[in-house]
2 protein chains.
Amino acid sequence: METTPEPGKRAYQSTELRQTATVEAVVQLCAEQDPATLTTARIADEVGLSQGALFKHFPNKSRLWESVAGWVAEQLTSQVFSKAEQHELADQALEAMFLAHIGFIARHPGIPRLMLGELQKPGNGPAKTIIRQTLSRYRKKVVGLLELGIQQRRIGPGIDTEAAAVLYIGAIQGLVVQAMVSGEIHTIEHTAPRIFKLYKAGLQELPDEPEK
Amino acid sequence: METTPEPGKRAYQSTELRQTATVEAVVQLCAEQDPATLTTARIADEVGLSQGALFKHFPNKSRLWESVAGWVAEQLTSQVFSKAEQHELADQALEAMFLAHIGFIARHPGIPRLMLGELQKPGNGPAKTIIRQTLSRYRKKVVGLLELGIQQRRIGPGIDTEAAAVLYIGAIQGLVVQAMVSGEIHTIEHTAPRIFKLYKAGLQELPDEPEK
DNA sequence: CAAGATAAAGTAATTACTTACTTTCTTTTG
DNA sequence: CAAAAGAAAGTAAGTAATTACTTTATCTTG
C-alpha cells in the first residue's frame, strides 16, 4: 500500500507537496466518513504525518477546508466543462456534462458529502462561498446550453430554462440521494443515462395540458 | 410567548411533554444551525431546561436523534401521503405530493439539513435507518402512482418508472440545493410548480430519439 | 550548516454524560 | 383528608474524553 520508508529514514517533503497530498487525503477520507467528524489527527494519519506537523502546512483547519473546496471546484468544473465543449449540439453537450459529473462522483464518492456538508453550514464561510460560487457558475452554464439548444431547435422554444437548470442539478442530486440510501455508489453510473433520458424528454415541449 | 410562571414557581412537566418539546426544538434549531454542531447545552437552553435535565428525558444523545428522525418520518409521510389520496388521477396525486413536500420543507427549513445530515453518516445508526426506510417507502409510493398513471393513460406507457421515481426525488433535492445556495428558503414554494411542470412533461413520452 | 520538515508532548476549550442534592408532584395511609 | 413517604423533574457543578492548535527539540537536506 504505502511506500514503507527505511526505518529511521523519514521522507521530508515540501509544503506544496504536503498540501496537495493532504487535500487529496481529505477527499479520500470523505468517501468513508462524515466530513463533520473528520479530525486533524485522522487526516494527518492518512497522509502519514503526525497531527502537529499538519499545522506546518496549513495555518488552521478552516484554511485546509478552503483548499479542499478549491480543489473540488477546480476538478469538477474542469472535468465537466471540458466534456461539454466536445459537442456541437447543446443537448448532447448537456448529456456529456451530466455523465461526466456522475462519473466524477463515482470516482470520488466523498464529493457529495463534502459539498452538501459545506452547504449545510449556515453563514458564509470561505469554503462555503467557493462551493456556492461553483454551483452558481454551473447553473449558468446549464442555462446557457439550454438557450443554445433552443436556438438549435433541439429543445422546445417555450422551455423554462431556469427551472430546467434546477431540475438538471436535481437529477444529479436524486442519483446521489439514491446512492446514499442504498449505500452502493457504483449503481449511479448505470442509472444515470436512464435519468438523463427522462430529463431530456421534459425539454421537448408537447401538446400542452392534456387535462382540463 | 411563554406562560410566565409565578416567580419561584417552576413548571415541572412530564417526560412525555418534554420529549416532544425537545424534538420540536431540535427541528427548529436545525433551521439555523448545522445538526452536527448542535450541542445538548444548546438544545436544553432552547427548551428552557438545564443541560443535565435533558438526560432525565433521554438516556443519551443518540436516542434523542432517533426520536427526531421518527418525528420527521411521521410528519413527512402523513402530511405528504394524505395529500396524494385526495386525487383520483395519479399525475394529479403526484403533483399534490410534490407541492405538499415542498410546503413541508418551507415550513420546516431544518428538515433537509436533518435528513441529509443523517444520510451523510456512514454505517447504519438507528436514526439513519429510519430516514432510509422513510425514503425507500416514499420511492415505492411514487413508483406505484406512476404505474397507476400508466394504467389511467395519463403517463406514457413506456416510461421507466424506477428512473422517474429517482428524478421525482431529485426534483425536490434540486429545489433544496438551490435554496441552500441562495440562502432564501421561501423561493422554493414559488419555483416548485415550474419544476413539476417540467418533470411531468418528461413523463409523457414522445416521438423517440429525434437524432441519430 | 542553516532553513525548514517532523515528532512528541502539552494546553485550553469543548462536549456528552454523571453525580449530589433540591424542589415539585403524586400516592399512600392513620 | 391532611400529612408523610416516595417518585419524578429539576439544578449546578464535576468528569473524562476529545479536539484544534502550540511549543520544544530533533532530524534532513540543498
Side-chain angles (χ1 to χ4, degrees), chain A residues 2-23 25-26 29-30 33-69 117-118 121 123 125-127, chain B residues 2-23 25-26 29-30 33-69 117-118 121 123 125-127:
Chain A
E2 293 166 18
T3 50
T4 342
E6 273 54 25
K9 297 223 171 192
R10 275 172 250 174
Y12 279 35
Q13 307 228 348
S14 70
T15 40
E16 199 181 13
L17 282 178
R18 287 299 194 200
Q19 280 173 347
T20 64
T22 303
V23 166
V26 169
L29 281 171
C30 284
Q33 203 172 335
D34 184 0
T37 72
L38 256 189
T39 68
T40 53
R42 179 77 187 86
I43 294 167
D45 188 58
E46 185 79 9
V47 185
L49 228 49
S50 72
Q51 189 239 1
L54 214 62
F55 291 89
K56 299 291 172 179
H57 308 293
F58 292 94
N60 50 51
K61 205 189 184 186
S62 178
R63 285 283 190 84
L64 168 54
W65 278 110
E66 210 174 319
S67 295
V68 172
E118 279 305 320
K121 302 184 193 168
Chain B
E2 292 167 20
T3 51
T4 340
E6 275 51 26
K9 296 222 173 194
R10 271 173 254 175
Y12 277 36
Q13 306 231 344
S14 70
T15 42
E16 201 182 8
L17 282 178
R18 288 298 194 201
Q19 280 173 347
T20 64
T22 304
V23 166
V26 168
L29 282 171
C30 284
Q33 203 173 337
D34 184 359
T37 72
L38 257 190
T39 68
T40 53
R42 180 77 187 85
I43 295 166
D45 188 57
E46 185 79 9
V47 185
L49 229 47
S50 72
Q51 189 239 2
L54 214 62
F55 292 90
K56 299 282 175 178
H57 308 293
F58 293 94
N60 51 52
K61 205 189 185 187
S62 177
R63 285 285 192 85
L64 167 54
W65 280 108
E66 211 174 319
S67 294
V68 172
E118 278 304 319
K121 302 185 194 169

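Chain letters run A, B, ... following the sequence lines, proteins first and then strands; every chain starts at 1.
One atom, CZ of R18(A), and another, P of dA5(C), lie 10 Å apart when rounded to the nearest Å. The distance between atom CG of L49(A) and atom C1' of dA5(C), rounded to the nearest whole Å, is 9 Å. Going from atom CG of D45(B) over to atom P of dT15(C) covers 13 Å, rounded to whole Å. A straight line from CG of L17(A) to C1' of dG4(C) spans 14 Å, rounded to a whole angstrom. Separating the CD atom of Q33(A) from the P atom of dT19(D) is a distance of 10 Å, rounded to the nearest angstrom. The distance from atom CZ of F55(B) to atom C1' of dT11(D) is 14 Å, rounded to the nearest whole Å. Computed from coordinates, the F58(A) CZ to dT22(D) P distance equals 15 Å when rounded to whole Å. What separates CD of Q51(A) from P of dT18(D) is a distance of 14 Å, to the nearest Å.
Closest approach of R18(A) and T22(A) over heavy atoms only: O-OG1, 2.6 Å. Heavy-atom minimum distance, A127(A) versus E118(A): CB-OE1, 3.4 Å. A pairwise comparison of heavy atoms in K61(B) and T40(B) identifies CG-CG2, 4.1 Å as the closest pair.
Taking only side-chain nitrogens and oxygens, T39(A) never comes nearer than 4.0 Å to OP1 or OP2 of dT18(D).
Listed for the Q19(B) side chain is a donor-acceptor partner under 3.5 Å among the backbone atoms of H57(B).
Taking the C1' atoms of five terminal pairs at each end of the helix from dC1(C)-dG30(D) to dG30(C)-dC1(D), the two resulting helix axes are inclined by 10°, rounded to 10°.
In the set dA7(C), dT15(C), dA20(D), dA7(C) carries the atom at the smallest distance from any side-chain atom of S50(A). Here dG10(D) is the nucleotide among dG4(C), dG10(D), dC21(D) with the atom lying nearest to any side-chain atom of K56(B). The H57(A) side chain lies nearest to dA5(C) when the options are dA5(C), dA8(C), dT15(C). Among the nucleotides dA16(C), dA9(D), dT11(D), the one closest to the side chain of K61(B) is dA16(C). Among the nucleotides dC17(C), dC27(D), dA7(C), the one closest to the side chain of Y12(A) is dC27(D).
Residue contacts for L38(A): at a heavy-atom cut-off of 4.0 Å it reaches the sugar-phosphate backbone alone, with no base atom in range.
The CH2 atom of W65(B) sits 13.5 Å away from the CG atom of N60(B) when rounded to the nearest 0.5 Å.
With contacts defined as side-chain heavy-atom distances shorter than 4.5 Å, the pair I43(A)/L64(A) qualifies.
Among residues two or more places apart in sequence or in another chain, the side chain to side chain contact (heavy atoms under 4.5 Å, CB included) test is passed with R42(B) by L29(B), E32(B), Q33(B), L38(B), T39(B), D45(B), E46(B).
Where A53(B) and S62(A) each meet DNA chain D at their nearest nucleotide, the meeting point lying more 5' is that of A53(B).
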